[in-house]
Every structure is written in structure tokens, then in C-alpha cells.
S.K.: 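My questions all concern the structure below.
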Amino acid sequence: MLNFEEQLEKYAELIVKVGVNVKENQTVVLSINTEQVALARLITKYAYQAGAKEVIVKWSDDVINRLFIEQASDLETIQPSFILENEELLKAKASWINVVSSNPAALLGVDSQRIKRRQQALGKALESKRHATQNNDVSWTVVAAASSEWGQAVFPDDDLSTATNKLWQAIFTSTRVDQADPLIAWQAHDDFLAKQAKKLNTYQFDALHYKSPGTDLTIGLPQGHLWEGAGAINRQGEHFMPNMPTEEVFTAPDFRRVDGYITSTKPLSYAGVIIDKMKFTFKDGAIVDCSAEHGEAVLRDLISTDEGSKYLGEVALVPDKSPISQSGITFFNTLFDENASNHLAIGSAYSFSIKGGTKMTDQELAARGLNRSQVH
């Protein structure tokens, strides 16, 4: 690929300066796959240049993770040291960078019940972190990096090297790294989505009605709901970009007022399994029936995680002219595919999606119609 090293440098700088907006004396936690050493080093370099106190790198590996899920005798136990470290990092107001690059079908064929047991254990252990990020108490961002197996899944007709290069270029394009000044491009994009969200907030719609082949769904919205777009501000007043790319404006539905049926037009890669051709039926907010042509067992396990996992926590609007939609590429990765179309999220709502929500308890949020769950 032409100018790959230059684009990777710009990407790392963008992640640090726009993604989490690293400040002087901050701790940065970087979660990244072992295949992405070059990007990890660049992110670390730019974080220290921005004044980071320390960069803590958390490595992951698809093969090792699969071996653990398949063969470990204990999937439920989470070491107290893991929980304690996360609690301490939250207290220190660390910034969190999560680089996703896994094979979308990394756990294909693994017993769905074993996947569910591990997901539930992690969900409980990371409850404080989930609450902090959904409340914007700290800065956090989710970005992507191309891996060979992911590239092959997206471009199956190409050889491994070509597929990986194509995926990298698609990532650079969708995150505006290919533009002359990505930092300025993101400021303009952030301003545009913020204006759309502000416009929607003036309407205070009672409900949204979706209708298309395979879909006839009405989603009630809570009083005082707030649409958000692109950038966010943490509790310290610092701006950050939770997802890169992002093309959506989103809010929380009233989880008690969802009725009808809906059919997905994009696959979902969840917990290392591709779930495709999903259909859901809702009554009084709850999912009362669901199906999928592929990955149905994992989907049903997800919905049965807890009481809140059968209700909705997010509704998002995405313009068809978004770069990801126009690319025509199915990425088999939620970070990208959710930005190709309007989408919904099962599970917990973001507390900032309602006026005064960040100061409310879970019970108060639920009373106002915002769903609570271990999953999102």
C-alpha cells in the first residue's frame, strides 16, 4: 500500500489527540491485539508526546482466547487483582483506548453456553467500568486495526496480503486519515453531527416509526431525551471521540414502549461469532421472539443474559450518504457496520441520553425509561 507508514502515523496521532484527547499527566490504557505491535508503539509514542504519565498496554490474542473459552475448567472466576486494577484506573481517571481487530468468526463452532458464561463473568467484573464509560466519567474510544483474518473475511476473493491492505485502506478512509489534515476533518465532522443532534432535540419526538420490508416497529422515546452525535465531554470537561469511525446521532428509547417487528440488513459479529439475518418481535418493550439464520444460539444467549438484555438501550440514525454506507463494504464489525445504517442496541442505555441522567441512580434512570443491563 502506498504511504502506509505515513497513514498509520496519522492514524495513531488521531487516536491520541481526537480519540481520547490525552492530557498532561494522564494514564492511558491501551487494549490491542498482538498482531498490531506497530500501531501500539505509535499510539504509545504519541500519548507520551501529549504528556501521558504512563501507557499501560493490555495485549490480546484470538488463538489464546479461543483455547481458553474451549478448554478452561473455570470460565466464571475473575481474579480479584483484575477487578482491583480496573477500579484503581477508574479512580485515576485513566483514558481507555480499545483497538478492535479480531477475526469476526474467531469463536465459530465453540459451545455458545461457554461463551455466555465467560461474557457474563466479565460483564459483572467490569460493571464499574461500564458504568463509568456510559456515564462519560472518563475518556474512552474504540477504533480498529486491520488483521489478516479479518481482512480475508471482508475481502474473501483476494489473497491474504491484498485483503489486509484493502481493509487498512477502508479503515483509513472511514476515519478520514486519508484527508489532508485528519484533525481538522474530524472537527468539521463533529460540528456537523452536533448540529443534527441539536435540531432533533428541539422536536422532542414521542416515538419513532420504522417501516420497510420485514420491519414495522414503533419505538417510544422518554421525556427529556437527548440526541448526541460524534464527540462527547467527560466529567472533567475534556472532549473526546468515543467511536472512530462514527456517522450516527443517537439517543435512548423508552425501553417499556417498543412494539412491532424488525429485520436486520447487516450481520453482527458478537463474541467471536457472526450472527446474520436476525429478526426480532417486541411487545411492551420486550423481545418476545427472535431468530437468525446464522448464530441464533449465541443471539438467544445474549438476550437471556439478564432482565435488561431483552430490552433496547439505544436508537441511532445514520445517513445513507455516510462513507461506510457508500463504500458498499460489509465489515463484519459493529464499529463499522452500525455506521452504514440506522441501528438499535440491546441492553443498557447511556445515562447522558436524558436530561440530568448522569446524576441519576440506576433506579431513577429505569423509572424514566432508560434500560439497565450488563450488556450493550
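Keep in mind it's a predicted model, so treat the numbers as computed, not measured.
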S.K.: Return the CG to CD distance between L167 and Q169, rounded to the nearest 0.5 Å.
M.R.: 10.5 Å
S.K.: T330 side chain to F332 main-chain N or O, any donor-acceptor pair under 3.5 Å?
M.R.: no
S.K.: Please round to the nearest 0.5 Å and tell me the distance separating atom CD1 of I346 and atom CD of E314.
M.R.: 12.0 Å
S.K.: Looking at K58 and E85, is any side-chain nitrogen of the basic one under 4.0 Å from a carboxylate oxygen of the acidic one?
M.R.: yes
S.K.: Mind telling me whether F205 and Y203 have parallel, tilted or perpendicular rings, with 30° and 60° as the class edges?
M.R.: parallel
S.K.: Would you call the rings of F4 and F172 parallel, tilted or perpendicular if under 30° counts as parallel and over 60° as perpendicular?
M.R.: tilted
S.K.: Check for a donor-acceptor pair, side chain of N86 on one end and backbone N or O of F82 on the other, with a separation under 3.5 Å.
M.R.: yes
S.K.: Between H376 and Y350, is the ring centroid distance below 6.0 Å?
M.R.: yes
S.K.: Tell me if a side-chain donor or acceptor on S147 pairs with a main-chain N or O of S101 at a distance below 3.5 Å.
M.R.: yes
S.K.: Verify, without hydrogens or angle tests, whether W227 (side chain) and V249 (backbone) share a donor-acceptor contact under 3.5 angstrom.
M.R.: no
S.K.: Can you name the closest pair of heavy atoms from A121 and I78 and give their distance?
M.R.: O-CG1, 3.8 Å
S.K.: Can you name the nearest heavy-atom pair linking L107 to A271, along with the distance?
M.R.: CD1-O, 3.0 Å
S.K.: Check whether more than 12 heavy atoms from other residues, nucleotides or ligands sit under 6.0 Å from atom NZ of K45, and answer yes or no.
M.R.: yes
S.K.: Considering residues, nucleotides and ligands other than Q49, do more than 12 of their heavy atoms fall under 6.0 Å from its CD?
M.R.: yes
S.K.: Assess, by modelled atom type and distance only, whether the side chains of S31 and N98 contain a donor and an acceptor separated by less than 3.5 Å.
M.R.: no
S.K.: So how far is it from N342 CG to L317 CG, rounded to the nearest 0.5 Å?
M.R.: 5.0 Å
S.K.: May I ask you to say whether D74 pairs ionically with R117, meaning some side-chain N is under 4.0 Å from a carboxylate O?
M.R.: no
S.K.: If you count heavy atoms of other groups shown closer than 6.0 angstrom to CD of E88, is the number above 12?
M.R.: yes
S.K.: Between R372 (side chain only) and A366 (backbone N and O only), is there a donor and an acceptor less than 3.5 Å apart?
M.R.: no
S.K.: For A47 and V22, work out which heavy atoms get closest and say how close.
M.R.: O-CG1, 3.9 Å
S.K.: Looking at OG1 of T162 and CD of Q152, how far apart are the two atoms once the value is rounded to the nearest 0.5 Å?
M.R.: 9.5 Å
S.K.: Taking all non-hydrogen atoms of both residues into account, name the closest pair between I324 and A340 and its distance.
M.R.: CG2-CB, 3.8 Å
S.K.: For a quick test of reading the model, state the closest non-hydrogen atom pair linking R130 to S373 and the distance between them.
M.R.: NE-O, 3.5 Å
S.K.: Between Y48 and V55, is there a donor-acceptor pair closer than 3.5 Å when you use the side chain of the first and the backbone of the second?
M.R.: yes
S.K.: Which heavy atom of N339 sits nearest to which heavy atom of P245, and what is that distance?
M.R.: ND2-O, 3.3 Å
S.K.: Under a 4.0 Å threshold between the charged nitrogen and the carboxylate oxygen, would D158 count as salt-bridged to K166?
M.R.: yes
S.K.: Salt bridge or not for E364 and R368, using N-O below 4.0 Å?
M.R.: no
S.K.: Are E9 and R41 within salt-bridge range, i.e. N to O under 4.0 Å?
M.R.: no
S.K.: Can a salt bridge be assigned to the pair D111 and R114 using a cut-off of 4.0 Å between side-chain N and carboxylate O?
M.R.: no
S.K.: Using only atom types and a distance under 3.5 Å, with no angle test, would you say the side chain of D61 pairs donor to acceptor with the backbone of T34?
M.R.: no
S.K.: For K93, does the NZ atom sit with more than 12 other heavy atoms under 6.0 Å from it, leaving out its own atoms?
M.R.: yes
S.K.: Report yes or no: does S325 contribute a side-chain atom to a donor-acceptor pair with the main-chain N or O of S322 at less than 3.5 Å?
M.R.: no
S.K.: Using a cut-off of 6.0 Å, state whether more than 12 heavy atoms not belonging to K277 lie near its atom NZ.
M.R.: no
S.K.: I'd like to know if the side chain of T141 and the backbone of M241 have a donor-acceptor N/O pair within less than 3.5 Å.
M.R.: yes
S.K.: Under a 3.5 Å distance rule, please check whether N21 uses its side chain to pair with a backbone N or O of F240 as donor and acceptor.
M.R.: no
S.K.: Between OG of S95 and CG of L89, what distance do you get to the nearest 0.5 Å?
M.R.: 10.5 Å
